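The sequence lines fix the lettering, A, B, ..., with proteins before strands; numbering per chain opens at 1. As the structure is a prediction and not an experimental result, all values here were calculated from the model.
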Amino acid sequence: MSDKVKVTIDGIEVNVPADFTVLQAAQLAGVDIPTLCYHPDLRNTGNCRVCIVEIEGLPLFQPSCAFNVWDGMKVMTNTPELRKARKMIVELIISRHNTECLNCDSNKNCELQDLADKLNIQDVRFEIEPDFDHPIDNSLIVQRDPSKCVNCGRCIRMCNEIQTVNALDWAGRGYEKMAMTTMEVPLAETACISCGQCINVCPVGALVERDDTEIAWKYIEDPEIHTVVQTAPAIRAGIGEACGLEEGYLSAPKMFAAIKKLGFDKAMDTNFTADLTILEEGTEFLTRVTHAVKEGKEGIAFPMLTSCSPGWINFIETYYPDFLDNLSTCKSPQQMFGALAKTYYAEKAGIDPSKIRVISIMPCTAKKFECDRPEMNSSGYKDVDIVLTTREFAKMIKTANIDFDKLEEIKPDDPMGVSTGAADIFANTGGVMEAALRTVWEIITGDALTLELTPVRGLTGIKEAEVTIEKAAEGYEWLKGVTVKVAVVNSTGNARKLFDAIRAGEKSYHFVEVMCCPGGCIGGGGQAKPTSWEIKAKRAAAIYKEDENRELRKSHESPAVAQIYEEFLTKPNSHKAHELLHTHYKSKAHLIK
Amino acid sequence: MVKAKEKRIITGKFTPGSGIKAALAGKPEEVVQEVIDSGLRGKGGAGFPAGLKWRFAANEKSDMKTIICNADEGEPGTFKDKYLLDNHPMKVLEGMAIAGYAIGADKGIIYLRGEYAYMLPSLEKNIEDIKKNVFSKLKVGKKKFEFDIKVRLGAGAYVCGEEFALIESLNGNRGEPRNKPPFPIQKGYLEKPTLVNNVETFATVSHIIEKGALWFGKFGTKSSKGTKLFSISGDVKYPGVYEFELGVKLRDVLELVGAENTKSVQVGGFSGINVTESSFDKTLAHGDLPAGGSIIVFNKDRDMLKVLKNILEFFEEESCGQCTPCREGAYQLLKGIKMIEKGEKSIRYYKDLCDLCATMKDSAKCGLGLSIPSPFLSITNNFKDEILYR
Ligand SMILES: Cc1cc2nc3c(=O)[nH]c(=O)nc-3n(C[C@H](O)[C@H](O)[C@H](O)COP(=O)(O)O)c2cc1C
Ligand code: SF4
Ligand code: SF4
Ligand code: SF4
Ligand code: SF4
Ligand code: FES
């Protein structure tokens, strides 16, 4: 704990930790200093100068977001000179901006709009000259419009410092200095993993995901087409917020109702295949352990790595291809769902699979990339047709005149709608691990696991846990006394740290869960904006609450999962399961050459 | 090449080893105190009291500290550091070693302007020599005195002369200024305490420590002690590097360098201010005219709008582009002047540009952006008729 210091902001005295910035102190004092390049989750560079303040005794204005407090500091945020300077700075920013709010993705959810409003900008004294020289880049899932970029650098800090992908970088100097892709090539030629985290931190509409809502409407409108919607675990704690309700607003039943109201034929649930993933992945894990421990086989790859986060798949293919054998062969739950919707469900419902369209609603932009992968067609068709982000889903709800809050509460459709609490927690970092342990532990010890597995919970970047098997169930006696070591990481930057340590032989585990986005899917690149750790914590808490309120909380207890094995897949890791639910990935290391 | 008016310090005689020997005869604190007492101000432009900076640096606790000699010399019309390194390199190296002893650093780096790469072989030889012939024979108590100096070539940008941009470039990052605090003396090279001083500052220190603060204090004015090198260029008969006692009258300087029909003088370089006849009796000293290293003289044939445009073009290009007031402001000032030149903008727009200057000089992130308004405002003020009503 750092010491407290006394700071006065516009006459309001506050006691704050000594390592606070002036901006943090002001927030505590209830003084709302405008900002633009600042983001609470990033290293702050103090570059836009919108947040300038006057500090008694200092001759120059200082950026409150990047200036630390000291004891006895007196800060003024609202002098005539500051008002003038701030307005001038924002006018300068607008003079480079392609202001076209009416047809902008960020309309009404834009920090530049808010700034102009707050500062009462009525006129810009300079000629408006947006950057139209650099064309819009829509080569990949994340699309960049340089004419709307305000050069805050938040995307670059996110991509390089948090995600460590380095797909974005500064180009040029002076007036030519611009936030760009690395080497100014189209994003598709960079190592971009389509995580969408840059979109989440972009204060304006310069970065957006590819919009697929028009395709979704077309599917709905086509009477020949049978639409099946799946919703990722994280959507139930994200869509309410995206529709303007409070952060962490939780409602699966309304989410299903919204899907039906939009005119989709079926509202099913990715949660169903999340449970199925646990059975498939758990079995795969036990097979690997059996080979290695019981049979003493050489060359079994450990740690086994989760494979349900497509941004992480893109990352490992590019940066850690030497670990590809460690990846679980399970497809992500969304792709499992797609493959089964066009086989199992089509058969059961007697619908021609060529007429089925699977629409995923995901917190994730990388899932858009994933569903377009050529190998994702084991049903004989494109398994998942399109992916909509939480934000796109919210836009459709708005367009359809639906008041999310007033929707009735309904259940998801059979046969791929029923799920357990173990599936819910897939949304949070640590959730897949916890869900897997709930099932695997019970299989190998015969005992139920304490359900709240605290060491793997929480938003910490890298978490580790180990447990020794004291008591083994019948058939697993050879596991007695074995200590199982697991780790959980979120954000690819943390994954990099962990895998560098594993590569160097400093760390070893049996099982590692990796989620590409900071905080896991609740912090996905397709979730509501703005996003911050504070907001993510609320979403995560909502997800754990959903799990707690469930009757069934272990994947192997899901009746829908039991049914599909009985009627269709026979057993986990069966030949058919392998055909439909598993896959392999290839190195993309050439992208960083 | 150097023409000094009566008194020489920096360009005067010096016995190699005399400075560092005198330093090692006392405690590090005493060396710092001597520099404080001398009243020496940094010669890199900002004129910050050198001794005070040394004391802050000495007070930092760290397992590693670094001395950096700023030889980036990017200010247009400045070539005084080049002169010193060409002609008096030993003073500079010795000054660095004295600083190292004073603040507790055993390594130094000379950040050499890219265009001065030709000096590399001779500088490296000088470093070898001073280590072998001077440092290796000295002792601190019972221990051998050690100080290592390396030369690193600059990245070729004017802004890399700014201390943090320089450090960032040495750290392998984009050469861009940082917010302060933390200052370089707290978190600089490799995030450790780092003392950055100008070439001339180090050269002067060698003399101060050799002959004492009292002796040094006899030169200059109350708040600007000693002498200073000036690079004088433009419309003069005898351009070159001059050493003057601080407090010298600008008029005397102009006379000495053979300036005739002088219309105005850019004092302190592009980032300094423009003065005309009515200010020629002012002195070059702290609190009066900026005693930066560059003086550029314009005679009556010069078109001041072109001069200003030239200066603004320089800044627009050399701005690192990080912060809004400088990146956008430099561009708008230049564009504004071009529009005024073409008669496309009225005097009202000039007022907007003055408001822009007011914002830039208070809000930019580093000295570059903060000082662009100085030439803009002083030149347009001095030449309203010529520029605004043409
Ligand atoms: C844009 C800019 C360029 C600068 N260039 C130089 C330079 O070339 N040489 C130099 O010594 N100081 C330069 N400075 C000043 C340095 O930041 C720093 O203050 C100086 O090196 C400290 O040395 P001193 O205290 O001995 O003057 C520059 C500052 C700015 C803002
Ligand atoms: S980014 Fe914001 S200000 Fe710019 S056009 Fe879009 S909504 Fe308007
Ligand atoms: S999507 Fe992710 S990897 Fe791609 S540019 Fe954005 S932050 Fe970087
Ligand atoms: S793209 Fe967005 S986040 Fe990136 S610099 Fe531009 S405005 Fe900022
Ligand atoms: S003032 Fe100019 S040079 Fe300095 S940080 Fe800002 S943009 Fe860069
Ligand atoms: S918000 Fe602080 S400088 Fe941009």
Query raised in the report: Does a salt bridge link B:Lys192 with B:Asp63, judged by any charged N lying under 4.0 Å from a carboxylate O?
Result: yes

Requested in this report: Apply salt bridge (Lys or Arg N to Asp or Glu O under 4.0 Å) to A:Glu127 and list each qualifying residue two or more places apart in sequence or on a separate chain.
Outcome: B:Lys335

Query - Segment of B:Ala364 engaging chain A (4.5 angstrom heavy-atom cut-off) - result: backbone

Requested in this report: Select one option (side chain, backbone, both, neither) describing which atoms of B:Arg174 are under 4.5 Å from chain A's heavy atoms.
Outcome: side chain

Query raised in the report: chain B heavy atoms under 4.5 Å from A:Glu129: which part of the residue, side chain, backbone, both or neither?
Result: side chain

Query raised in the report: Are B:Phe183 and B:Phe164 close enough that their ring centres sit under 6.0 Å apart?
Result: no

Query raised in the report: Under a 4.5 Å heavy-atom cut-off, does chain B meet the side chain of A:Glu176, its backbone, both or neither?
Result: neither

Query raised in the report: Can you name the residues that form a side chain to side chain donor-acceptor pair (under 3.5 Å) with B:Glu60, not counting sequence neighbours?
Result: none

Query raised in the report: What part of B:Tyr349 gets closer than 4.5 Å to chain A, counting heavy atoms only: side chain, backbone, both or neither?
Result: side chain

Query - Residue list, side chain to side chain donor-acceptor pair (under 3.5 Å) with B:Asn197, at least two apart or on another chain - result: B:Trp54

Query raised in the report: Which members of residues 83-98 of chain A, sorted by number, sit under 4.5 angstrom from chain B on a heavy-atom basis?
Result: A:Lys84, A:Ala85, A:Met88, A:Ile89, A:Leu92, A:Ile93, A:Ser95, A:Arg96

Requested in this report: Below 4.5 Å from any heavy atom of chain A, which atoms of B:Asn179 appear? Answer side chain, backbone, both or neither.
Outcome: side chain

Query raised in the report: A:Asp131 and A:Met178: side-chain contact (heavy atoms from CB on, under 4.5 Å), yes or no, with the steps?
Result: CA-CA 10 Å; A:Asp131 174 13; A:Met178 305 271 319; 3.2 Å; yes

Query - Residues A:Lys118 and A:Asp32 bridged, charged N to O under 4.0 Å - result: yes

Report task. Report the relative orientation of the aromatic rings in B:Phe56 and B:Phe48; use parallel for angles under 30°, tilted for 30 to 60°, perpendicular for over 60°. Result -> tilted

Report task. Let me know which of B:Glu318, B:Glu176, B:Glu317 forms a salt bridge (charged side-chain N to carboxylate O under 4.0 Å, His left out) with A:Arg173. Result -> B:Glu318

**Report entry** Most chain A-contacting option - heavy-atom pairs closer than 4.5 Å, from B:Arg178, B:Gln332, B:Lys180
**Finding:** B:Gln332

